[in-house]
Amino acid sequence: MKLLSRHVAVPKSYEEVCQIIQSSAYYLPKGNLCADSFSMHCAKRYKGAIISSIPVKGKIRKCNQFIEVTISTHAYLGFYIGCFLCLVGIVGLFWCLLAVSTRWVPCVGAFALGTFVSSQSIWEGKDLLDKLERRLLD
């Protein structure tokens, strides 16, 4: 599932763009770079340690004076876990309403935790797209 996408017009040669993309890929699992598309995982780091491996896919298109690169981040395990926790929280809240139960606090906690985890993966993907765009345009 595609989370975020960005189009970048790069005034560099095709070989330079391919080298920048290959240098951004994490070595495990190995990325694929074809003539017009690529698929790889990029590591999100914090203070030198790896936090998560974000799947990135994209397309490379040659135009007259520039190279157009489309980069998109895709959902990974953290995003799906967050969505599952949100769903559990919502179902629990409806159950508490129907059963007139006073145990709604854990359901709100599950919903809040799920929202935090899902939004964290979206923020990491946005930061990764910003980093890749800067590397391509520098």
Side-chain angles (χ1 to χ4, degrees):
M1 179 167 85
K2 186 188 303 186
L3 294 180
L4 300 169
S5 182
R6 190 165 298 170
H7 299 283
V8 182
V10 182
K12 295 182 180 181
S13 69
Y14 178 78
E15 291 78 22
E16 287 177 304
V17 170
C18 288
Q19 185 170 1
I20 291 170
I21 290 171
Q22 283 180 339
S23 68
S24 300
Y26 191 60
Y27 66 91
L28 196 69
K30 187 175 176 159
N32 298 326
L33 181 63
C34 299
D36 61 345
S37 66
F38 60 91
S39 173
M40 63 184 179
H41 283 257
C42 294
K44 177 69 176 157
R45 299 177 187 273
Y46 180 71
K47 294 187 179 179
I50 297 173
I51 293 179
S52 59
S53 177
I54 301 171
V56 176
K57 294 183 181 179
K59 295 185 180 193
I60 304 170
R61 195 174 68 161
K62 296 178 186 177
C63 294
N64 293 338
Q65 300 173 349
F66 56 90
I67 304 293
E68 184 176 311
V69 181
T70 303
I71 310 166
S72 59
T73 59
H74 290 260
Y76 57 99
L77 185 63
F79 181 78
Y80 292 124
I81 289 173
C83 290
F84 177 74
L85 285 173
C86 284
L87 184 65
V88 166
I90 291 171
V91 169
L93 283 172
F94 280 126
W95 182 259
C96 287
L97 274 172
L98 293 175
V100 191
S101 175
T102 59
R103 297 193 170 256
W104 56 271
V105 175
C107 301
V108 171
F111 179 77
L113 182 63
T115 303
F116 176 74
V117 170
S118 294
S119 60
Q120 179 68 27
S121 64
I122 292 173
W123 290 326
E124 286 178 356
K126 182 189 172 300
D127 288 343
L128 180 67
L129 285 179
D130 290 340
K131 178 183 158 189
L132 285 173
E133 182 179 11
R134 273 194 314 269
R135 288 188 71 190
L136 286 168
L137 293 175
D138 284 344

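Note that this is a predicted model, so its numbers are computed, not measured.
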Quiz item: In terms of hydrophobic clusters joined by side-chain contacts under 4.5 Å, are Y76 and M1 together?
Solution: yes

Self-check item: K126: side chain to side chain donor-acceptor pair (under 3.5 Å) partners, not counting sequence neighbours
Solution: D130

Practice problem: Considering non-hydrogen atoms only, spot the tightest contact between P55 and S53 and give its length. | Solution: CD-O, 3.7 Å

Practice problem: Name all residues meeting the side chain to side chain donor-acceptor pair (under 3.5 Å) criterion together with Q19; count only those two or more places apart in sequence or in a different chain, and write none if there are none. | Solution: none

Practice problem: Could you state whether L132 and Y14 fall into the same hydrophobic cluster, counting links through intermediate Ile, Leu, Val, Met, Phe, Trp or Tyr residues with side-chain heavy atoms under 4.5 angstrom apart? | Solution: yes

Quiz prompt | Heavy-atom pair with the smallest gap, counting every atom of C96 and C107 | solution = SG-SG, 4.2 Å

Exercise. Quick one: closest heavy-atom pair of S118 and F79, and the distance?
Key: OG-O, 3.4 Å

Quiz prompt | F116 atom CZ, over 12 foreign heavy atoms within 6.0 Å | solution = no

Quiz item: Listed by chain and number, what are the side chain to side chain donor-acceptor pair (under 3.5 Å) partners of S23, not counting sequence neighbours?
Solution: R135

Quiz prompt | Euclidean distance, I60 CD1 relative to S37 OG, rounded to 0.5 Å | solution = 8.0 Å

Compile the donor-acceptor pairs under 3.5 Å between side chains in residues 64-72 and protein atoms, sequence neighbours left out, one pair per line.
unit_1 : atom_1 : unit_2 : atom_2 : d
E68    : OE1    : R61    : NH2    : 2.8
E68    : OE2    : R61    : NH2    : 3.4
T70    : OG1    : H7     : ND1    : 3.0
S72    : OG     : K57    : O      : 3.1
S72    : OG     : H74    : NE2    : 3.3

Quiz item: Can you name the nearest heavy-atom pair linking K59 to F38, along with the distance?
Solution: N-CE2, 3.9 Å

Quiz item: Out of curiosity, does L77 fall in the hydrophobic cluster containing V117 (side-chain heavy atoms, cut-off under 4.5 Å, transitive links)?
Solution: yes

Quiz item: Under 4.5 Å between any side-chain heavy atoms of V10 and L136, yes or no?
Solution: yes

Practice problem: Could you state whether W95 and I90 fall into the same hydrophobic cluster, counting links through intermediate Ile, Leu, Val, Met, Phe, Trp or Tyr residues with side-chain heavy atoms under 4.5 angstrom apart? | Solution: no

Quiz item: CG of L85 to OH of Y80: how many Å apart, nearest 0.5 Å?
Solution: 15.0 Å

Quiz item: With no hydrogens and no angle check, do the side chains of E16 and S13 hold a donor and an acceptor under 3.5 Å apart?
Solution: yes

Self-check item: Heavy-atom pair of closest approach, residues L137 and P11
Solution: CD2-CD, 4.4 Å

Practice problem: Would you check if the side chain of K12 reaches a backbone N or O of D138 as a donor-acceptor pair within less than 3.5 Å? | Solution: yes

Quiz item: Quick one: CD1 on I21 to OG on S39, what's the gap to the nearest 0.5 Å?
Solution: 11.5 Å

Quiz item: Do the side chains of M40 and Y26 join up, straight or via other hydrophobic residues, at under 4.5 Å, putting them in one cluster?
Solution: no

Quiz item: Excluding sequence neighbours, so at least two apart, what forms side-chain contact (heavy atoms from CB on, under 4.5 Å) with T73?
Solution: L3, L4, I54, V56, L128, L129

Exercise. Mind checking side chain to side chain donor-acceptor pair (under 3.5 Å) for S101 and listing every partner two or more places apart, or none if nothing turns up?
Key: none

